[in-house]
Amino acid sequence: MTRHLKVDAPDNESRVDQMAQGVLGMPINRIEGHHKVTGSATYAADAGAEGMAYGVLVQAAIPAGRVAEIGDVPGVLAVIHDPRMLRRAAQGMATEGPPAGPQQIDFMGQAVALVVAETLEGAQAAAHALRVRYEAYQVPVDPDAVDPELPEDKQSSSGDLDAAMRKAAFTVDNVWHTPSHAAAAMEPHAAVAQWAGDCVTIRAGLQMLGSSREQIADALGIDEGQVRLLAPYVGGGFGSKLGINAESVAAAIASKQLGRPVKVVMSRPQVFDLAHRRSETTQRVRLSCDTNGVLSGIGHEALVSNLPEAEFSEPVTQATPFTYQAAHRQIVHKVARIHRSCAGSVRAPGEAVGVTVFECALDELADAAGIDPVELRLRNIPETEPGTGRPFSSHKLAEALRDGAQRFGWADRLTPRARIEGEWYVGMGVAAAVRVNSLIESRAKVTLTPQGRATVETDMTDIGTGTYTILGQIAAETLGLDIGYVDVRLGDTDFPRASGSGGSFGAASSGTSVYLACVEIRDQIAARMGCAEADLTLQDSTARCGNIVRRLGDIVTSPLAGNGHLEPGKTEDSVRQATWGSHWAEVAVNRWTGETRVRRMLGVFACGRVLNHKTARSQCLGGMTFGIGMALTEAMEHDPRDGHIVTRDLAEYHIPCHADVPPMEVHFLTERDAYVGPLQAKGLGELGICGAGAAVLNAIHNACGVRVRSLPATPDKIIAGLDP
Ligand code: MOS
């Protein structure tokens with residue numbers, strides 16, 4: 001039986017709070033953790049198969065054109081040059097890439113061939129030796145050198161911003177630049193493909209199996225039912241594995257041709273080239289306010305880039321329309337069509353860079369108006385969504401700001417260069433955190449055996465986020481079991497289709513489908529107990545109903561199964577759903593070298609129900625660490641001649657690690673959001689990055705008086721602003 005729920009109305013019942021097991025929300029360790037730390041959890045690149053051959057991708061050496069001729073190399077099993085392989089990865093969330101023209105090359109480093117050999121070393125040597133002759137075209141690679149498109153549906157304005165700017169007591173009008181960013185997941189993209197008759201099984205690293213299966217079937221020209229994907233463990237995605245990429249299709253084509261399993265693993269530089277990047281952005285922010293710091297105008301213009309036919313464009317201004325109120329508003333979104341690598345969703349697409357820049361602009365306005373930055377934000381929080389008048393599903397920005405100010409010791413903040421410790425200027429910065437929230441259709445199956453063990457099955461993925469654990473906790477809580485009696489099986493398209501991991505929607509979407517499946521089983525248990533499901537208490541493998549108490553094993557005499565099916569409904573549109581928070585940073589800036597050291601950070605977040613306080617906290621720590629990267633170190637540099645990525649490994653692309661990351665504190669506000677269904681939990685994965693970099697940049701200004709508007713704020717840029 002399937003329990004179906006379309007979330008058309010708020011669910012204020014808080015059924016989950018009435019459950020008795022007491023495991024949901026607890027900061028328990030990852031249930032698959034020991035597999036990971038002992039190395040028994042295998043990732044796609046670890047997988048092997050009897051008779052497996054090795055494929056290595058060959059990359060285009062020109063930014064645009066076509067392959068005219070591919071040479072021969074001795075000692076290989078195959079050199080595959082197949083247009084299906086050139087199918088672009090999905091650029092955004094669950095969107096399919098357009099088919100590439102015959103052998104069309106769109107960017108430097110695109111996969112043009114696969115060399116297959118008996119050994120990895122043999123394939124690598126042959127790929128290196130392979131000669132490819134191209135017919136090359138001249139194409140633009142600089143977003144500032146082309147006339148951008150202005151997609152009609154992405155522009156909006158109300159009132160008269162120019163007039164508001166002219167009349168205002170205080171204004172800000174500045175331009176910021178953020179570079180291209182890499183997802184930089186630890187696990188490289190990898191696939192092992194193996195055919196049995198007309199069906200292919202691909203062991204892969206993917207975030208969303210359901211849509212990836214459609215994309216692979218489509219690329220190969222076969223039926224969805226002929227493709228099985230397995231991704232039980234995924235070593236991070238950060239957007240780069242939302243859709244398919246060259247490795248899985250190439251491995252499938254080669255495996256079919258050779259009649260044996262083929263493994264394709266990208267090298268680290270290949271991951272940088274072939275996984276989509278976050279577009280660089282140029283953002284102009286205009287703000288105007290009166291003498292009390294009340295905003296009259298908000299303008300946010302963004303220029304981003306992507307390949308000519310790509311659908312996705314970085315939604316920079318996504319949160320701007322509803323975060324603060326102002327009568328006069330203007331949003332401008334421009335897309336430059338250029339031939340850098342494909343741009344797509346990376347770590348909180350939109351807000352990561354949009355909120356960061358906007359929150360820097362607000363800091364500048366606070367400065368201009370002589371108003372405390374926390375106070376300025378508090379004075380401009382809307383009651384309902386500006387423009388539409390829709391209510392917010394919940395709204396915790398003000399509380400997050402007040403609570404954070406208290407915890408962080410904001411009252412001790414001084415003016416720039418007032419706090420000096422040796423050769424270091426020390427300062428504090430604040431920024432708001434905001435991220436849109438949504439649900440995605442999800443299904444799950446749960447089985448309860450007479451032995452009292454539950455099994456959760458769904459094609460959901462755990463990309464390092466803690467999905468195994470929270471789904472286990474949801475089942476344990478609702479079925480009254482110790483978490484040790486729950487087995488969670490994920491990452492297999494033979495299981496019911498879930499949301500997949502992306503856009504912070506995974507936990508709430510797949511979690512609700514598991515909850516619904518468990519309620520279905522609770523119904524069956526209640527029937528055997530002779531009571532209503534709502535009156536049933538399940539705890540420690542015992543069922544209780546009034547004064548009737550039975551061991552679960554005595555009533556579950558044959559396996560009970562339940563299916564859950566969640567669909568987003570009217571609450572997606574009837575209210576504005578978002579998660580909220582505040583970021584705080586204290587930094588020291590060296591007065592001679594311009595080096596910034598982040599000393600401590602705090603994030604205060606509200607995301608509805610927290611399903612596991614440990615994995616949730618880890619998500620936020622990760623996001624805040626990305627914030628340090630965005631503010632101080634991360635930049636994908638493109639060669640101005642051909643657009644190719646210069647910083648294409650982890651030595652050149654600087655992700656903060658270890659000594660770069662100071663003590664960080666995460667605090668969750670208690671919240672239930674009824675508009676997202678019975679779990680009352682919203683997405684959290686990406687909230688921690690949205691605005692984190694702004695807290696660091698604003699702290700740099702508070703420390704030394706320098707504003708860096710071209711990210712990252714490397715020492716050379718800070719030194720340029722410091723008086724000798
Ligand atoms: Mo996320 S960038 O939707 O994986």
Side-chain angles (χ1 to χ4, degrees), residues 36 43 45 109 177-190 205 207 234-242 266-281 314 341 343-349 351-353 356 463-465 501 583 585 587 595-601 603 617-638 645-664 666 685-697 699-700 708 710-717:
K36 288 184 173 167
Y43 294 80
H177 181 75
T178 65
S180 296
H181 290 138
M186 286 253 272
E187 181 202 19
H189 291 54
Q207 294 176 226
V234 181
F238 308 110
S240 72
K241 295 167 187 161
L242 282 169
M266 287 191 197
S267 66
R268 183 60 65 183
Q270 287 181 332
V271 174
F272 272 82
D273 294 339
L274 288 160
H276 56 236
R277 66 190 167 97
R278 184 207 302 286
S279 171
E280 73 292 315
T281 73
E314 181 76 18
S341 70
S345 293
V346 172
R347 309 190 223 146
E351 285 92 325
V353 282
T356 297
I463 60 173
T465 42
S501 302
H583 288 287
V587 308
E595 178 194 352
T596 299
R597 290 187 186 173
V598 183
R599 289 197 167 179
R600 61 190 180 104
M601 284 177 87
R617 177 175 174 272
S618 294
Q619 292 276 283
C620 295
L621 293 177
M624 290 157 71
T625 303
F626 298 156
I628 298 176
M630 196 188 301
L632 300 181
T633 60
E634 284 187 60
M636 188 185 255
E637 303 287 357
H638 298 274
I645 299 161
V646 180
T647 50
R648 56 202 281 272
D649 60 39
L650 293 172
E652 300 277 355
Y653 186 86
H654 297 150
I655 299 274
C657 52
H658 307 298
D660 302 320
V661 182
M664 284 180 177
V666 172
E686 295 164 316
L687 180 62
I689 187 175
C690 303
V696 174
L697 293 162
I700 289 173
V708 177
S710 179
L711 275 46
T714 44
D716 53 316
K717 296 175 193 167

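The figures here come from the full heavy-atom set of this structure, side chains too, leaving out hydrogens, waters and symmetry mates.
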Fill in: Backbone of Gly239 reached by a side-chain donor or acceptor of His276 within 3.5 Å
yes

Discussion item. On a heavy-atom basis, which atom in Val708 and which in Leu697 lie closest, and how many Å separate them?
Written reply: O-CD2, 4.4 Å

Discussion item. If I compare all heavy atoms of Arg600 with all of Pro662, which pair ends up nearest, and what's the gap?
Written reply: N-CB, 3.8 Å

Item to complete: Could you list the residues that satisfy side chain to side chain contact (heavy atoms under 4.5 Å, CB included) with Thr178, not counting sequence neighbours?
Response: Thr281, Gln283, Val353, Val357, Leu711

Worksheet entry | Any donor-acceptor N/O pair, Thr647 side chain to Ala635 backbone, under 3.5 Å | yes

Worksheet item: To the nearest 0.5 Å, what is the distance between CD (Gln270) and CZ (Arg648)?
Response: 8.0 Å

Discussion item. Looking at every non-hydrogen atom in both residues, tell me the closest pair between Ser345 and Leu242 and how far apart they are.
Written reply: CB-CD1, 3.5 Å

Fill in: Nearest atoms (heavy-atom pairs only) where Leu632 meets Pro712
C-CB, 3.3 Å

Fill in: Polar side-chain atom of Glu595 near backbone of Pro715 as donor-acceptor pair, under 3.5 Å
no

Worksheet item: Glu634: what forms a side chain to side chain contact (heavy atoms under 4.5 Å, CB included) with it, not counting sequence neighbours?
Response: His181, Arg347, Tyr653, Ile655, Pro656

Worksheet entry | Side-chain heavy-atom pair Val234, Glu187 within 4.5 angstrom cut-off | yes

Worksheet item: What's the shortest heavy-atom distance between Phe272 and Ile645, and which atoms?
Response: O-CD1, 3.3 Å

Item to complete: Let me see the working for Val598 and Met624 under side chain to side chain contact (heavy atoms under 4.5 Å, CB included), right down to the final yes or no.
Response: CA-CA 11 Å; Val598 183; Met624 290 157 71; over 6 Å; no

Discussion item. Let me confirm one number: the CD1-NE2 distance from Ile689 to His583, rounded to the nearest 0.5 Å.
Written reply: 8.5 Å

Worksheet item: Hey, what do you get for CD (Glu314) to OG (Ser279), rounding to the nearest 0.5 Å?
Response: 6.5 Å

Discussion item. Is it the case that the side chain of Thr633 and the backbone of His654 share a donor-acceptor pair, with hydrogens and angles ignored and the cut-off at 3.5 Å?
Written reply: yes

Item to complete: Would you please name every residue forming a salt bridge (Lys or Arg N to Asp or Glu O under 4.0 Å) with Arg617, sequence neighbours left out?
Response: none

Fill in: Expected output: side-chain Lys241 to main-chain His189 donor-acceptor under 3.5 Å
no

Practice prompt. Show your reasoning for whether side chain to side chain contact (heavy atoms under 4.5 Å, CB included) applies to Val666 and Gln619.
Written response: CA-CA 10 Å; Val666 172; Gln619 292 276 283; over 6 Å; no

Worksheet item: Taking side chain as C-beta onward, heavy atoms only, is Met186 less than 4.5 Å from Phe238?
Response: no

Item to complete: With rounding to the nearest 0.5 Å, note down the distance linking OG in Ser240 to CG in Leu274.
Response: 11.0 Å

Worksheet entry | Steps toward side chain to side chain contact (heavy atoms under 4.5 Å, CB included) verdict (Val646, Glu652) | CA-CA 8 Å; Val646 180; Glu652 300 277 355; over 6 Å; no

Worksheet entry | Residue pair Thr625 / Val661: nearest heavy atoms and the distance that separates them | CG2-CG2, 3.8 Å

Item to complete: Please examine the side chains of Met266 and Asp273, heavy atoms only from C-beta on, and report whether any two atoms are closer than 4.5 Å.
Response: no

Worksheet item: Has the side chain of Asp660 got a donor or acceptor atom that lies under 3.5 Å from a matching backbone atom of Cys657?
Response: yes

Worksheet item: Does any N or O in the side chain of His638 come within less than 3.5 Å of the main-chain N or O of Pro179, such that one atom is a donor and the other an acceptor?
Response: no

